[in-house]
Amino acid sequence: MADIKAKREIERKYETGDGGLPDLSGVLTGVGPVAAVVDQGVAELDAVYYDTPDERLAAGGLTLRRRTGGADAGWHLKLPVATGVRDEIHAPLSDTVPPDLAALVHSRVREGELLPLVRLRTRRGTRHLVDADGTPLAEVVVDAVRAERLTGHDGAAQWTEIEVELADDGDPALLDAVDTRLREAGVRPSPAASKLARALTETAPPDHRPAAPARHKPPKTAGDHVLAYLRAQRDALVALDPAVRRDEYDSVHRMRVATRRLRSALRTYRRVLDRTATDPLRAELKRLGIELGRDRDQEVLTERLTAALDDLPYTLVTGPVRTRLRTWSQTAHGDARRRFLADLDSDRHLALLDALDALLADPPLRPAAAGKPAKVIAKSVRKDLAALSDLLQQALGLPPGHDRDLALHEARKRAKATRYAAEAAEPALGDPAAGLVRAAKSLQNLLGDHQDSVMARRTLRELAGQAHAAGESAFTYGVLHGREEQRAAELEARLSETSRALKKTVKKGAAL
């Protein structure tokens, strides 16, 4: 993605009937007033917006366009971040959709085809709001827009709107101040999320208005609650795809968590959904989680080992330990990233997304799905909690070593599953489920710290072997290994206390 550029866009949109712009000089912000409004002239923009025939990008709040005219001609993909905040990805002009941008919408387009749906021709007048030093604080544009359908229907529309976009590193308080001034002058926020959203609505055939975002009724039954949770995780899985491809911080971890939440809910709530339909999905989600986990696990290990090395007195650091650790980390990250990106582009991954959509569109509900959440969901979560308690006791009953480490890792996975099951139950069960989420997360963190120590010791042994083979001192790796052994022993002592408390909770049935 060397040829594309990204920018965070923070803006507000307004509609105005006469196209006039109120005087914005002197608007106060948190850091000072707008000293001047500088006219930047008028530009003619011509943009063609692409989407699937059923408008999948628009349904997710994304826009993809090819625009000529103005200072930023080219292809633009806008990804929603929050209300009024979008990431704009820019690629140079070309006749067809750039492959890098097509990849970023792959999880939504899938086997569909991107076609030109709408053409917007805009006469744009631009002003810069600047401070006393002439530094731009924001850009205000007045757009006279003409929209035209390109799909065989001669629908057309026109309107005038105002956009106020914050300058890079600008003070968000400025947008509030400008908003106040505009409202005082009778200008009102636009009800449309984007020009494209408005154009799709106003140029659509009378019998084919764009479908509004799905609005689901408030959950009442156990099935309603489980499906709402699954739907949210499915949406997260799809929405995080562009962020993962762009290597945004923590995006791989968040996608991995979404896959785990889906798996956990499908397993825990087998009384609600028929497992003959959900078990194949769980298997595919597990495969995806493994691919995503390679990079995340390596990232966590790198942070742990780097912090441990930083904590050592310099007298205990012998040989090029940092260089070897950095090389190992970079190689592992590159290999893992290539693997999971290839997976995201595979037919198998697209089939998984389609299968999740199909499950939610026509869920294989069992009779218990119609039951009361307090009964059906609580029973499933209590069963998970009891299984977690048993696994933890069994693990701690083993002698220290490889078998205990494996058993504690299994308990960790069950702790995560219990936590996610309780998350799904929280809207239905309230505070008791929220308390269980906190308790399961605390236990998960303890078990996770222990597993990280196991993996750190394994990696230290491998690095020590490589260092020895290269004629380097392995002393520092041994010191770090010893510290990790001590840390693991301390964690196992704390886990024994936690296990006893958990056993009492399960026995009393007081969790939910």
Asker: Ignoring hydrogens and angles, write down the donor-acceptor pairs under 3.5 Å from the side chains of residues 351-359, residues two or more places apart or on other chains.
Answerer:
| residue | atom | partner | partner atom | Å |
| --- | --- | --- | --- | --- |
| Asp354 | OD1 | Arg110 | NH1 | 2.8 |
| Asp357 | OD1 | Arg234 | NH1 | 2.7 |
| Asp357 | OD2 | Arg110 | NH1 | 2.6 |
| Asp357 | OD2 | Arg110 | NH2 | 3.3 |

Asker: Is there a donor-acceptor pair under 3.5 Å between the side chain of Thr259 and the backbone N or O of Arg256?
Answerer: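 The answer is yes, because a donor-acceptor pair under 3.5 Å joins these two groups.
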
Asker: Could you check whether any side-chain N or O of Arg337 sits under 3.5 Å from a backbone N or O of Arg245, counting only pairs where one atom can act as donor and the other as acceptor?
Answerer: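 Pair found, side chain donor or acceptor close to backbone of Arg245.
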
Asker: Considering only NZ, NE, NH1 and NH2 on the basic side and carboxylate oxygens on the acidic side, decide whether Arg483 and Asp311 come within less than 4.0 Å.
Answerer: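 Yes, this pair counts.
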
Asker: Test your reading of the model: is there a side-chain donor-acceptor pair from Arg296 to the backbone of Val252, 3.5 Å cut-off?
Answerer: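 Checking the backbone N and O of Val252 against the side chain of Arg296, no donor-acceptor pair under 3.5 Å is found.
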
Asker: Any side-chain heavy atom of Arg108 sitting closer than 4.5 Å to one from Val238?
Answerer: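 Contact flag for Arg108/Val238 side chains = yes.
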
Asker: Any donor-acceptor pair under 3.5 Å linking the side chain of Ser264 with the backbone of Arg260?
Answerer: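 Present.
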
Asker: Looking at Asp310, I want to see if its CG is surrounded by more than 12 non-hydrogen atoms of other residues, nucleotides or ligands under 6.0 Å.
Answerer: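 More than 12 within 6.0 Å, yes.
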
Asker: May I have the step-by-step check of salt bridge (charged side-chain N to carboxylate O under 4.0 Å, His left out) for Glu88 and Lys78, ending in yes or no?
Answerer: CA-CA 4 Å; Glu88 181 177 286; Lys78 296 193 177 185; 3.4 Å; yes

Asker: Among residues two or more places apart or on two chains, list those pairs meeting ring pair (Phe, Tyr, Trp, His ring centres under 6.0 Å) that have a residue in residues 72-100.
Answerer: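 Pairs touching residues 72-100 that pass the test: Tyr50-Trp75, His76-His90.
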
Asker: With a 4.0 Å cut-off, would you call Glu423 and Arg419 a salt bridge?
Answerer: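 Counted as a salt bridge, because a side-chain N and a carboxylate O are separated by less than 4.0 Å.
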
Asker: Would you call Glu497-Arg494 a salt bridge at under 4.0 Å N-O?
Answerer: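 Between Arg494 and Glu497 there is no salt bridge, as every charged N stays at least 4.0 Å from the carboxylate O atoms.
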
Asker: Will you find, in the side chains of Arg65 and Tyr49, an N or O donor that is under 3.5 Å from an N or O acceptor?
Answerer: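 Yes, because at least one side-chain N or O of Arg65 sits under 3.5 Å from a partner of the opposite role on Tyr49.
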
